[in-house]
Every structure is written in C-alpha cells, then in structure tokens.
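Only a predicted model underlies this, so the values are computations on that prediction, with no experimental measurement involved. Protein chains get the first letters and strands the later ones, always in sequence-line order, with residue 1 at the start of each.
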Number of protein chains: 4
Amino acid sequence: MSRDKETLWRKEGKAEVDQMVLEFTVGDDVFWDQRLVPFDCRASIAHVRMLATIDLLTPEEAAALESCLDEIVALEADGKFKVTADHEDCHTALELYLTEKLGALGKKVHVGRSRNDQVLTALRLYELAELDRLEDLVGRLSSSLEEACGRNGEIGLPGYTHMQPAMPSSVGLWLGCFRAALEDDLILLDAARRLINQNPLGTAAGFGVPVFELDRKMTAVDLGFARVQANPIYAQHSRGKFEGVVLHVASQIMYDLNRLASDLMLFTMREMAFVVLPEALCTGSSIMPQKRNPDVLELIRAKYHTVLGDETTIRHLSTNLISGYNRDVQLTKGPLMRGLDATARSLAMMARIVTDMEIDAERCRQAMGEELYATERAYRLVREGVPFRDAYRRVAEEARKK
Amino acid sequence: MSRDKETLWRKEGKAEVDQMVLEFTVGDDVFWDQRLVPFDCRASIAHVRMLATIDLLTPEEAAALESCLDEIVALEADGKFKVTADHEDCHTALELYLTEKLGALGKKVHVGRSRNDQVLTALRLYELAELDRLEDLVGRLSSSLEEACGRNGEIGLPGYTHMQPAMPSSVGLWLGCFRAALEDDLILLDAARRLINQNPLGTAAGFGVPVFELDRKMTAVDLGFARVQANPIYAQHSRGKFEGVVLHVASQIMYDLNRLASDLMLFTMREMAFVVLPEALCTGSSIMPQKRNPDVLELIRAKYHTVLGDETTIRHLSTNLISGYNRDVQLTKGPLMRGLDATARSLAMMARIVTDMEIDAERCRQAMGEELYATERAYRLVREGVPFRDAYRRVAEEARKK
Amino acid sequence: MSRDKETLWRKEGKAEVDQMVLEFTVGDDVFWDQRLVPFDCRASIAHVRMLATIDLLTPEEAAALESCLDEIVALEADGKFKVTADHEDCHTALELYLTEKLGALGKKVHVGRSRNDQVLTALRLYELAELDRLEDLVGRLSSSLEEACGRNGEIGLPGYTHMQPAMPSSVGLWLGCFRAALEDDLILLDAARRLINQNPLGTAAGFGVPVFELDRKMTAVDLGFARVQANPIYAQHSRGKFEGVVLHVASQIMYDLNRLASDLMLFTMREMAFVVLPEALCTGSSIMPQKRNPDVLELIRAKYHTVLGDETTIRHLSTNLISGYNRDVQLTKGPLMRGLDATARSLAMMARIVTDMEIDAERCRQAMGEELYATERAYRLVREGVPFRDAYRRVAEEARKK
Amino acid sequence: MSRDKETLWRKEGKAEVDQMVLEFTVGDDVFWDQRLVPFDCRASIAHVRMLATIDLLTPEEAAALESCLDEIVALEADGKFKVTADHEDCHTALELYLTEKLGALGKKVHVGRSRNDQVLTALRLYELAELDRLEDLVGRLSSSLEEACGRNGEIGLPGYTHMQPAMPSSVGLWLGCFRAALEDDLILLDAARRLINQNPLGTAAGFGVPVFELDRKMTAVDLGFARVQANPIYAQHSRGKFEGVVLHVASQIMYDLNRLASDLMLFTMREMAFVVLPEALCTGSSIMPQKRNPDVLELIRAKYHTVLGDETTIRHLSTNLISGYNRDVQLTKGPLMRGLDATARSLAMMARIVTDMEIDAERCRQAMGEELYATERAYRLVREGVPFRDAYRRVAEEARKK
C-alpha cells in the first residue's frame with residue numbers, strides 16, 4: 001500500500017490494510033478500470049470546471065487540474081498510465097497523480113463528489129460510447145447483408161420448418177430476415193441510450209452533497225448528457241439496472257447473429273453446401289488432414305450464450321439488497337465489458353463472413369424439390385373453387401402416394 | 001381425437017395420432033391458449049375481411065364468419081368456450097367451431113394463413129394489451145408513491161451504504177428513487193411496444209403465401225398495428241425474440257419492486273421499525289403466537305427472480321436453431337404469461353402496500369445519529385478553506401476517538 | 001376465509017385476512033400442494049406416533065389421528081380431497097380435516113412441529129419418490145438404447161466434428177454415448193439422494209422445539225430417512241439448496257436428451273435421412289399438406305431449457321437473504337415440480353422414440369464418404385515409418401487436389 | 001503466424017491464416033490455457049510412455065520426449081513458458097517446443113491423439129486438482145466455524161423468520177448450520193470427482209483411433225484416473241457436461257457462503273451489532289470519514305452470483321448441438337476457471353473472517369426479547385394439558401395486549 005494513497009482517504013492511524021483483503025476486494029477491477037480512465041478524466045474535468053463556477057476552486061486552480069487530467073488522457077492513450085492493484089481503482093489512481101503533480105491542489109478535486117458517483121459517470125460515458133460503436137457495427141453488418149442480397153438475392157433456397165423442407169425461399173428472403181432484425185435492434189439501442197443518458201455526477205455517495213450547491217446541469221451539458229439524474233438514491237439504484245439494459249441490447253443483437261450463424265453452419269454442411277466459406281475463414285484439424293472447419297461461425301453462435309450469461313449475472317448481482325451503494329455491484333464491470341466486447345467483435349466478424357461467403361447457386365437449385373410447392377398446388381385448387389381444407393387433403397393424398 | 005379435427009388438417013388415412021404423442025406435444029398449451037382466444041378471434045375477423053376484398057370470400061361469407069367469431073368471443077367471456085387437449089390449440093378450436101356451425105364455409109377460413117402466423121398475431125395482440133396493463137399499473141404505483149411522499153416526504157431517514165449508516169436521507173428521497181425508476185421503465189416499455197407493434201399476419205408458415213396477393217396493410221390497419229412485418233422469415237425469427245423484449249420490461253419493473261421490497265423488509269424489522277405494515281397486510285405463524293410476518297413483501301421480492309427466470313428461459317429456448325419455425329418456441333407461452341401475470345399482480349400489491357403502510361416518525365428521528373453528518377462537518381471545514389482531504393482526515397480522527 | 005381455519009392458527013380477534021393478500025400469498029401453491037398431500041399425511045402419521053411415545057398423545061388418540069390421516073390419503077387418491085385457496089396450503093387442509101372429524105383431538109396434532117418443518121418433510125419425501133421415478137425411467141431409456149444398438153449397432157455412420165464429416169462412426173458408437181451419459185447421471189442422482197435423505201421433521205420453525213424432547217430418530221426411521229438433519233437452521237437453509245440439487249440431476253439428464261434429440265433432428269432431415277421416425281410419432285402442418293414434422297424431438301430438445309430455467313430460478317430465489325425461513329422459498333415449488341415432470345415425460349417419450357425409430361442402412365452406407373478415412377490413411381503411412389506430421393501433410397495435400 | 005506452427009498441422013500451401021480470424025478464434029483462450037500447461041505435459045508424458053509400449057516410439061524416443069516435457073513443466077513453474085496468441089493454444093505450444101528441441105521426433109508425439117482428447121485430459125486433471133483444493137478449503141472453513149462455536153457457541157441470539165424475531169437461537173446453532181451445509185457439499189464434491197474421474201485420452205477427435213491399438217488402461221493408471229471413458233463420442237459429449245457438474249459443486253458451496261455473508265451483513269449493522277469485524281477487514285469511504293465498511297462480505301455475497309452465472313453459461317453453451325466436437329465448448333474454459341477461482345478465494349476469505357470476527361455477547365443478550373419465548377409459553381400450557389391450538393390462542397392474545 002503506497003504511502004501516498006494512505007494520505008488520500010484512508011483513516012489516519014488505521015492499521016495497514018490487509019494484503020489479503022486488498023487483493024480480495026480489488027479483484028480484477030484494476031484490469032477493467034483501465035479502460036475507464038479517459039472517461040473518468042473527462043468527467044473529472046467537467047467536475048473541476050463546475051467547482052470553479054461555485055467558487056470551490058479558483059479559475060487558475062481549475063485550469064491546472066484540467067491540464068493535468070488532459071495529461072493523464074494522453075499518457076493512457078500511449079499505454080503509459082497504468083491502474084495497479086495498489087491504486088485499488090482508477091479513481092484513486094487519478095487523484096494520486098493529481099496530488100503528486102499539484103500537491104495540495106490535487107487534494108481539492110474530490111470535494112462535492114464520491115467515488116460512487118465518479119464511477120457511475122465514467123461507466124455511463126463508456127456505455128454511451130459503446131452503444132455508438134454497436135450502432136455503427138450493426139450498420140456495417142446490415143450493409144454487408146444488403147450487398148449480399150444484391151449479389152445473390154434472387155437465388156432460390158428451400159425454406160425449412162421443423163428442420164424439414166417446407167416452402168420455397170430465397171437468399172434475399174433469408175438474409176433479409178437478419179437485416180430487419182438488426183434494424184429493430186436499433187429501437188432497443190435507442191431506448192437504452194435514452195434511458196442511461198442522464199447525469200449521475202453530483203449524487204455523491206447516493207444521498208447528494210450537503211453544504212454546497214453543485215450545478216449539476218452544468219456538468220450534464222459539459223458531458224453531453226441529455227438530462228440530470230435528479231434523485232441521488234436512484235443514481236445508485238440504476239447501477240446494475242442500466243448495465244442490464246445495455247447488455248440486453250447486446251444480447252438481442254447476438255441472438256440475431258446466433259441464428260444467422262446456425263443457418264450458416266447448416267448451409268455449409270457437406271450435405272447442403274448452399275454456402276461456401278472461403279478457406280481464409282476456415283481452420284484445420286490437428287488429426288484429420290481433410291478438415292476445413294467453420295470455427296468462426298461456431299464461436300459467434302457460442303458467444304450469444306456468454307453475452308446472455310453476462311447479462312443474466314448482472315441482473316442477479318444486486319437483487320434482494322437494500323437501497324444505497326452495495327459493493328456487490330463492483331462485480332458488474334467484468335460481465336459488462338466482456339459482453340460488449342464479444343458483441344462488437346462478433347458483429348465485425350459476421351460482416352466479414354457475409355461479405356466473403358459464396359452462394360453455390362447450382363447446389364441451391366438442386367435442392368428446390370417438388371415437395372416445396374405443395375402449398376402452391378393446394379392454393380391453385382382453391383383458386384379453381386375447391387374449399388381450402390379439401391384442396392389440402394387432395395394434395396396431401398398425392399404426396400403420400402409418392 | 002375427434003373426427004371433426006381429423007377432417008381439418010390431419011393427413012387423410014394417417015394413423016391415428018398417438019395419445020402419448022398428443023399429450024406430450026400439447027403439454028399445458030391448452031391452458032395458456034385459453035387466454036389467446038379473444039385475440040385469435042380478432043385476428044381471424046381481420047383475416048376474413050381481407051379475404052373478402054381479394055375475392056377469396058364473398059361479402060356474405062365474410063359476414064357469416066365474422067358473426068360466428070364474435071359468438072366465440074362472447075362465449076369465451078362467459079367461460080363457455082373451452083380449448084381442450086383434443087383441440088391441441090386455440091387455432092384448431094376456432095376452426096372446428098366455425099366448421100361445425102357453418103359447414104363448408106368454415107373450411108375456407110384458413111386459406112392464406114398458417115397456424116404459425118395465426119399464433120404470432122394472437123400473441124402479439126395479447127402482448128400489446130399486457131404492455132398497456134403494465135403501463136397503467138406502473139402509473140398507479142407511481143401515484144401511490146407520490147401520495148406517500150406528500151404525506152411523509154419530509155421525515156428524515158438514515159441513508160445506508162454497505163448497509164451501514166452513511167448520510168442523512170428522507171422518506172421523500174427514498175420513495176422518490178422508485179418513482180424515478182418506474183418512470184424510466186416506461187422508456188423501455190415504450191420501446192418494446194414500438195418493436196412488437198408490427199403485423200405478422202400473412203407471413204403464413206414463415207415464407208409468405210404463394211398464388212394469392214394478400215393485403216397485409218389492410219389487416220395491419222384493422223388490428224391497429226403500426227406497420228407490417230414485411231419479411232416472413234423475420235416474423236418467425238421474432239418469436240422468442242419479442243417475448244424476451246416484453247419480459248425484459250417486466251423484469252426491469254420487478255427489479256425496482258425487488259429493491260423497494262428489500263428496503264421495506266429491513267425498515268419493518270423490529271430493530272428499525274421505521275415503517276409499520278398494517279395488520280391486514282401481515283400473516284401469522286402456525287407455531288409462534290406472537291408473529292406478524294410481511295409475507296407480501298417477501299413474495300414480491302421473490303417474484304423478481306421468477307420473472308427474470310421466465311425471461312431467461314425464453315432467451316435460451318430458440319438458440320442454436322436454424323431459421324424458420326421450430327416447435328421449441330411453443331414453450332415460450334408459459335414463461336411469458338406467467339411472467340406478465342406475476343408482474344401485474346406485484347405492481348398492484350405494492351401500490352396497496354405503499355398506500356397502507358405507516359411511517360413511524362419518532363423511530364426515524366431517533367435513528368438520525370450524529371455519524372450521518374460527518375461529511376457535512378468535513379464540508380463545513382472546506383468552506384472555511386481547509387483542503388478536502390485534510391478536512392476529511394480531521395473529521396475521521398474525531399470519529400475514531402468516539 | 002372459513003371460520004374453522006380462523007380457529008386453527010389465526011390470531012384471535014385479528015382483522016379478517018384481506019382477500020387480496022390471501023390471493024397474492026397463496027398464489028398457485030394450492031395447485032402444487034395437492035400432490036404433497038399423501039406425503040404430508042405420511043409425515044403426520046410418523047409425527048403422531050412419535051408424540052404418543054413421549055406422552056403428548058395417548059395411544060388411542062394417536063390411533064384415531066392415524067386412521068383419519070389414512071382416510072385423507074385414500075380420499076386424495078380418489079380425487080376427493082382437494083386443497084383450496086381457502087386452506088392456503090395442504091398443511092392447513094389436513095389439520096382442518098382432522099379437527100372437523102375429531103374435534104379437540106385434531107387441535108393436538110400440531111404440537112412439536114411448525115408448517116416449516118412439515119412442508120420440508122413432505123417435499124423431501126416427494127423428492128425422494130421422484131428420484132426413484134427418474135432412476136427407473138433412466139433405466140428404461142438405457143434399455144431402449146441397448147436394444148437399438150443390438151438391432152443396428154454395426155451400421156456405419158459419418159462422425160461429425162464442427163458439423164463437418166470427420167471420421168467413421170457407427171450407430172452403436174453414437175447411441176452408446178447416451179447410454180454412458182445416462183449411467184453417469186445415476187452417480188449424480190445417487191449423490192442427490194444421499195444428500196437429501198435426512199429427516200427435517202422436528203426442526204419446527206427452524207430453531208427446534210422448546211420444552212418437549214422429540215424423538216427425531218424415531219420419525220426418521222419411520223419415514224425411511226437415512227439420518228436426522230440435526231441442525232434446525234440448516235433444515236431451513238437446505239430449502240432451495242436441496243431443490244437445486246434435485247433439479248441439477250434432472251437438468252443433467254435433460255442435457256443428454258437435448259443432444260440426442262439434436263442428433264435425431266439432423267439425422268431425420270430429408271438431406272441425411274439416416275433415421276426415419278414412424279408416422280405415429282410425427283405431426284402435420286395446417287398449411288403444407290406434405291409435411292411430417294418431428295415435433296416430439298423439438299419439444300424434448302426445448303424442455304432442457306425449461307428444466308434448466310427452473311433449476312436456475314430456484315438457485316436465485318433464496319440468495320442474499322438472512323438465515324431462517326423466508327417466504328420467498330415458497331416459490332420453489334412450481335419450478336421444482338414442473339422441472340421434474342418435464343424430465344420424467346421426456347425420458348418416457350425418448351424411450352418410445354428410440355424403440356420405434358428406424359435406421360436407414362442404405363442411406364447410412366451412402367454417406368460413408370472417402371474423406372472420413374483421411375486419418376486412417378495418414379496412420380497407415382505412420383505405420384510404414386513416416387513421422388505423423390509428415391504423413392498428415394501428405395494426406396492433406398491429396399485431399400486438396402480432389 | 002510462425003512458420004514453425006505452419007509446419008505442424010496447417011494445410012500445406014494454404015493461404016496464411018487470417019489475422020482477424022486468428023484473433024477471433026483464439027480469443028482469451030491463451031490466457032486460460034496457461035494454467036493447463038502442467039496438466040497437458042503430464043498427460044503428454046503418459047501418452048508418450050504408452051506409445052512406446054505399442055512400438056510407435058522407441059524407449060529412447062519416449063525418454064527424450066518425456067524429459068523435454070518435464071523441462072516445459074519446470075519452465076512454466078518459473079513463468080518462463082508462455083502460451084501466446086501465435087500458438088493458438090497450449091497444445092500447439094507444447095508440440096512446437098518439442099519439435100524445436102527434438103526435430104523430427106517432436107513430430108511423432110501427436111500420433112494417436114487429437115487436440116480434442118488432449119484438452120479434455122488436461123482439463124480433467126485440472127478439475128480434479130481443483131476439487132481437491134476446494135475440499136481442503138471447505139475443511140479449513142469448517143474448522144474455523146468449529147473453533148468459533150467453541151469460543152462463543154453458547155451465546156444466545158435471536159432466531160429470525162421472515163426477518164422478524166421468532167425464537168431463541170444461539171451462535172452455536174447459527175454457525176453450526178454452515179458447518180452442516182459444507183459437510184453436505186462434500187457429498188456433491190465426491191460425486192463430481194467420481195463422475196469426472198475417467199480417462200478421455202485416446203478418444204482422439206471423438207471417434208477413437210484407427211489402425212493403432214492404444215492402451216487406454218495404461219494411460220488411465222499413469223494419470224491416476226479411476227477408469228477409462230470408453231465411448232469416444234461420450235468423451236466429447238462430456239465436455240460442458242462435466243464442467244457444469246464441477247461448477248455446480250462450486251456454486252453450492254458459494255450458496256452457503258452467500259447466506260453466511262448475508263447474516264453477517266445484518267449482524268454487523270449498527271442497529272444489531274451482534275458481530276464486530278476487526279478494522280483490518282473493513283474498508284473506508286472516499287467521502288464519508290466515519291465509515292467502516294464490510295466490503296469483503298459484500299463481495300463474497302456477490303460472488304455467488306458470478307459463480308452461478310458462470311455455471312449457467314456453461315450449461316447453455318453446448319445445447320441444441322449435434323454430437324461430436326463443436327468449437328462452442330472452447331468458451332467453457334473462462335467461466336470454469338473464473339468460477340473455481342472465485343470459490344477458492346471466497347472460502348479462504350470467509351475462513352479468515354470467521355476466525356477474526358468478534359461476537360458482542362452483551363448486544364446479543366440485550367436482543368433476546370420476551371417475544372422469542374412465546375412458543376415456549378404455549379408449550380408449557382400444553383404440558384399442563386391445554387390442547388395446542390387453545391394454548392396458541394391464549395399466548396397470542398397476551399402478545400396482542402402488549
């Protein structure tokens with residue numbers, strides 16, 4: 001435990017914090033916190049500017065702190081600002097850096113906030129950035145699908161129900177399903193953004209700030225939040241709740257990818273071969289020399305389950321607990337970031353697959369068996385005046401005879 | 001197996017469907033389908049009207065079918081139209097009734113649709129009605145909370161972090177948290193409604209309808225859908241996906257109730273007694289004569305887990321499957337309806353609790369210990385010019401001495 | 001609310017229990033409790049006999065109560081003893097019946113126990129009976145698999161990895177996998193039985209019984225429990241915990257069925273057709289006259305997810321709670337019984353499918369393509385002295401040329 | 001991509017494996033594989049020895065390979081053998097090292113096995129070691145609980161039901177609950193060990209090995225497995241299944257810790273203060289100078305949810321898939337290792353807490369209110385001849401008057 005940190009917020013004279021306790025409480029938080037650093041700096045800058053307007057900092061002090069925070073952002077981008085287990089979290093890492101660089105001035109930055117609203121703010125800025133990233137990647141996959149439809153949309157494919165040939169379908173109809181699904185996912189994404197787009201900064205430890213009148217609207221505007229999250233207890237309550245909403249968007253997107261990957265796994269089977277994956281997307285076997293395996297598809301399919309698992313874990317972590325901050329929610333960071341990463345990577349990988357895969361038109365044509373047209377035959381009878389159920393029976397009887 | 005049904009869609013000459021198979025496949029679907037009857041009738045009426053406009057039915061035929069469907073709605077409302085295991089599902093029950101009443105005409109109703117889009121349509125209408133019900137109940141609970149704040153909002157309460165007294169809070173701040181959360185849930189509810197508010201009728205078995213040109217916009221307007229779900233494979237793909245979205249709204253609402261119930265469980269403990277539940281809301285013990293138990297709170301708390309469990313089950317049911325209808329999704333009905341029921345009942349129960357509970361102002365006052373004001377004392381020092389971290393240390397030292 | 005029950009354990013003079021509260025707290029418990037009646041009677045008889053040995057009942061009183069409890073068992077078996085919402089649960093239903101029949105004597109039966117240990121005991125007896133049922137059904141399916149291997153085990157089948165043809169397999173190897181898996185499931189089943197096979201009767205509300213010395217070993221022997229669950233708080237703690245263990249066995253069995261069903265779904269596809277389901281096990285479509293759908297397989301596949309969902313719900317219900325009875329655990333009944341039912345039915349259905357399915361030896365033979373023998377070719381080179389990696393490369397090169 | 005690896009099992013002349021594909025398929029596997037290295041070496045040594053007995057290696061070759069594998073174990077223990085993304089997994093890392101050191105001989109090691117059975121074997125050895133570790137830690141916590149009971153077991157505590165004071169309990173009764181629970185967990189642990197204690201080595205890619213007759217009993221004995229996993233398809237099927245069984249043991253242990261932590265969170269609340277955590281186990285707040293927070297308890301409580309989440313993820317990953325290896329199961333590694341780590345750390349932390357916590361006997365004594373003895377008063381009346389329900393009513397009436 002560094003002496004410097006001791007001087008920040010540890011109780012004077014307190015027994016050294018136990019190494020076992022430190023390791024247990026920090027866990028892998030340091031790892032996840034690394035990517036919060038730029039967001040925490042951005043939020044800290046907004047906080048500092050606001051403190052200057054309510055005379056808790058002079059303009060000069062605010063400028064010095066802001067410049068120092070900019071420095072951290074630049075260092076971090078170069079991989080030179082590392083959150084370590086000794087820091088415990090990125091918030092303390094920041095404050096320590098400021099205190100080392102600016103002395104007594106660094107000790108002033110934390111007035112009017114707590115690590116509780118600090119982490120909420122950094123996380124929310126991170127989540128908003130991630131939602132933007134997902135929206136972009138959804139758009140790119142959607143374009144890949146559109147282009148693939150442009151190339152091969154007219155090619156006929158068997159449509160399956162119960163995994164049995166059912167009716168005529170086409171490449172355009174099939175891939176169009178996923179474009180429509182992704183478009184609808186953007187409705188959920190938009191709602192998630194609307195929900196979380198509120199400023200938690202200034203709610204401190206969940207019960208607001210006594211003595212001083214913070215200008216929470218100012219920091220909201222500065223950070224680009226659409227509104228202020230007024231109730232401080234709700235700010236705490238939304239930890240876990242909002243992460244669940246964000247990952248729900250991710251898992252809904254992954255659901256679409258899971259199903260598309262499942263289709264592709266079937267369609268690239270030797271026995272169907274409607275779709276061919278280029279060799280660059282396939283992997284080999286260590287024992288079977290002939291193999292060309294679609295591992296990328298299997299992993300996309302599987303990642304739905306890890307993302308949904310991450311969502312579900314978050315949804316359980318903070319239940320049956322009383323209001324106000326509970327340390328339990330710290331453990332939402334890992335699942336959140338893991339889940340968002342897996343989703344972003346899967347979207348990019350799938351866009352690549354859709355772009356590079358080939359449709360084997362000849363194999364598709366051969367698969368368009370007569371049985372797919374049974375409903376059409378029945379409907380033609382209906383058009384000639386036969387009641388539907390009678391037409392159905394007549395065609396069924398013919399089918400049985402074959 | 002009734003002969004009548006045999007004549008509907010079973011294959012002519014087919015071996016009697018096995019009783020064991022019938023029981024296994026029908027499962028408890030009959031139970032859940034009962035509440036789809038009115039929605040299925042409404043959708044069937046829209047279908048029939050549309051068929052008349054494309055000359056697959058005469059106006060007289062359409063009128064006869066519509067009147068017969070109205071009859072079913074009225075019977076069902078009186079508990080006189082029962083879906084049974086022999087029917088297999090509500091769709092066959094409807095068609096059988098029409099055929100019994102109208103003979104050959106009844107056999108015409110199913111042209112241009114499949115049970116696949118029929119159940120999608122009925123479910124979606126049911127879900128939209130349920131979302132309306134939830135919105136209404138959320139509004140009612142929100143009003144109860146508002147009134148409770150009006151009565152007791154000013155009363156001080158300890159604010160807890162890590163379940164330890166932290167800072168001063170109040171009844172208004174505490175209950176206001178849940179009002180804000182419920183208000184935000186409506187954003188999710190609204191998105192769910194926007195997402196699912198599209199007409200699946202006319203997508204048939206998931207690959208559209210050959211031969212005939214259905215007017216899907218007409219049925220969309222008739223049924224009040226905001227748009228047509230154009231891609232028929234997507235209509236199937238959305239089964240399970242949309243149910244997951246609807247239950248996500250429910251489980252987010254339940255999350256708020258879970259936390260409010262958890263607060264109330266603590267606050268009604270003998271040792272706190274900030275809140276008193278009226279005896280009418282308590283239950284007794286069969287062995288301990290003195291007990292007054294808050295079972296209603298425990299069950300609301302617990303129902304979050306069953307609703308989230310229902311949501312999660314739905315999210316897993318249709319994964320790793322190829323596109324097109326898979327019977328697996330039938331099993332989404334139970335969790336969907338169970339989850340929505342539990343949510344609606346919990347909202348109503350919680351509104352009652354919030355309205356009837358009493359705040360013990362005296363107990364609250366006694367609990368406002370000096371330690372809650374430590375941050376305030378530090379901030380007063382800051383106002384006098386002491387840097388925050390130094391002020392913090394000074395107050396911490398005083399606290400340790402006590 | 002019946003007057004009689006009022007006299008059992010409601011507080012004298014207490015306000016009538018609210019109808020809304022009653023409905024909310026009872027929920028669907030009455031439905032699930034019905035099947036606990038025989039187990040609750042059995043446990044009550046053991047309790048009564050024990051009370052007689054410690055002089056809290058005379059031998060005559062005990063005999064009268066036992067005979068009356070036998071009466072309930074017989075009535076219930078005939079569908080004539082119904083637990084209703086007014087009873088609230090099966091325990092009160094029993095006590096009411098005894099009091100009605102035997103007057104003051106009925107009021108004596110509840111001494112030395114609480115509904116808390118009463119339900120624990122009834123549930124545990126039910127669970128032990130269910131584990132026996134599962135064991136029997138696992139044995140039956142295993143026999144079906146053995147017979148199917150006897151008939152067709154020698155027939156060759158392609159073995160797949162990554163859903164691509166990999167190496168030669170056979171019907172015997174394939175079905176043998178599931179026999180081995182089910183055999184191993186019995187290890188888990190046995191552990192579950194060992195774990196839960198302990199007598200909770202006499203732990204009362206979770207803190208034992210004051211004043212009287214119950215003979216808990218006697219009731220353990222009477223009920224066939226292997227040991228006494230000595231710690232009364234642990235008896236409460238094990239509610240939820242044990243149910244999770246029991247359903248874990250069920251979900252592991254269902255996992256095997258899920259995978260077998262998935263294989264069968266692929267192998268009955270038109271494009272493979274290694275396996276043919278008899279028509280009696282197939283269902284039709286309401287729109288496509290030609291369809292023969294393997295719904296039974298899809299539903300077995302899907303039920304894994306509902307059973308696992310039920311297990312997971314139970315595992316979450318009682319978390320983050322303090323020790324001692326919490327009403328939350330009441331909600332474990334539904335998932336537990338649902339999950340066990342689904343497992344038992346799926347096992348029976350799958351045994352039927354395995355017995356009735358046919359293997360199409362000709363289709364299997366045709367599918368045994370040359371590529372399946374690539375590893376064998378490489379190994380023959382190894383036998384001739386070529387290092388494995390070089391042999392691998394040589395065969396891979398040949399495969400690429402084709 | 002290193003040239004060396006290319007020469008191992010990549011197809012000759014194949015397009016360079018795509019960097020994007022490589023990163024996507026490797027994922028964080030490299031990270032998890034690091035800890036499999038020693039187990040993979042141990043299994044490889046057994047494989048090599050066996051190859052020598054069936055004349056696929058000379059005794060000298062086997063000795064050279066074994067010595068080289070020992071070298072890797074030693075290097076890894078010193079942190080000098082690193083699995084990197086280029087290696088893709090630990091298996092290729094091993095083979096590459098052998099080939100670099102031993103040239104052509106290294107190319108011989110992989111005959112008669114596949115990475116599929118190689119990873120199964122390494123994982124299973126790892127899991128058996130982890131089960132031993134958990135058993136040891138469970139024993140240690142159990143001892144801590146026993147010692148704590150020895151020190152303070154006689155001190156009375158209120159027993160709660162529905163979070164309301166119910167009956168007299170004691171420290172011994174309370175902590176004894178968890179000792180009993182942990183003892184029962186060992187039944188599950190033992191079953192898990194029995195289940196997974198079977199040798200998968202020699203099942204190759206899931207369909208056994210052609211041409212050569214491996215001696216699978218020999219490797220089983222060498223590796224300490226209790227039996228051979230005979231069916232090779234079952235070896236693949238058990239991936240995911242067995243991991244689920246292992247994590248089920250972990251999550252059942254964590255359930256006990258979750259409930260003990262929840263009790264401790266309540267009992268250390270200012271309002272109860274039955275238990276005092278030493279300062280070394282508490283952490284502070286960055287804003288509230290007076291705080292002493294039990295973060296270690298909150299994190300143990302929370303880790304139940306992550307471990308159960310990890311278990312659930314594993315249980316879903318490989319469902320609805322056909323038999324034979326699917327790459328999806330690769331993603332079980334992370335949850336498995338994460339879950340086992342969290343459990344081991346929580347057990348160690350809790351043992352420390354139980355050892356260091358203090359019971360405040362005076363606070364406990366004050367909390368033993370008269371209401372806890374209501375059942376006792378009723379039972380005394382029963383002993384005097386009053387029927388239980390009448391005694392209950394009399395005491396209830398008295399309680400109401402207070």
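Counting only distance, with no hydrogens or angles, the side chain of C:Lys108 and the backbone of D:Phe388 share no donor-acceptor pair below 3.5 Å. The backbone N or O of D:Ile322 lies less than 3.5 Å from no partner atom in the side chain of C:Asp263, so there is not a single donor-acceptor pair.
For a residue to count as touching a neighbouring chain, one of its non-hydrogen atoms must lie under 4.5 Å from one of that chain's; by this rule D:Leu321 touches chain C with backbone and side chain alike. Contacts of C:Gln229 with chain D are absent, with no heavy-atom separation under 4.5 Å from either backbone or side chain. Interface residue C:Asp256: backbone and side-chain heavy atoms are both found under 4.5 Å from chain D. Heavy atoms closer than 4.5 Å to chain D are found nowhere in C:Ser114, neither backbone nor side chain.
Rounding to the nearest 0.5 angstrom, the gap separating the CZ atom in C:Arg259 from the OG1 atom in D:Thr319 is 8.0 Å. Here the straight-line distance linking atom NE2 of C:His162 with atom OH of D:Tyr325 works out to 5.5 Å at 0.5 Å rounding. To the nearest 0.5 Å, atom CG of residue D:Asn231 and atom CH2 of residue C:Trp174 are 12.5 Å apart.
Interface remark: of the candidates D:Leu266, D:Val111, D:Asn320, D:Thr312, D:Asn320 forms the most heavy-atom pairs closer than 4.5 Å to chain C. For the options D:Asp185, D:Ile187, D:Leu260, heavy-atom pairs under 4.5 Å to chain C are most numerous at D:Ile187.
D:Thr375 has its side chain out of reach of C:Phe207: every pair of non-hydrogen atoms, C-beta onward, lies at least 4.5 Å apart.
With respect to C:Arg383 and D:Asp55, no salt bridge is recorded, no charged nitrogen being found less than 4.0 Å from a carboxylate O.
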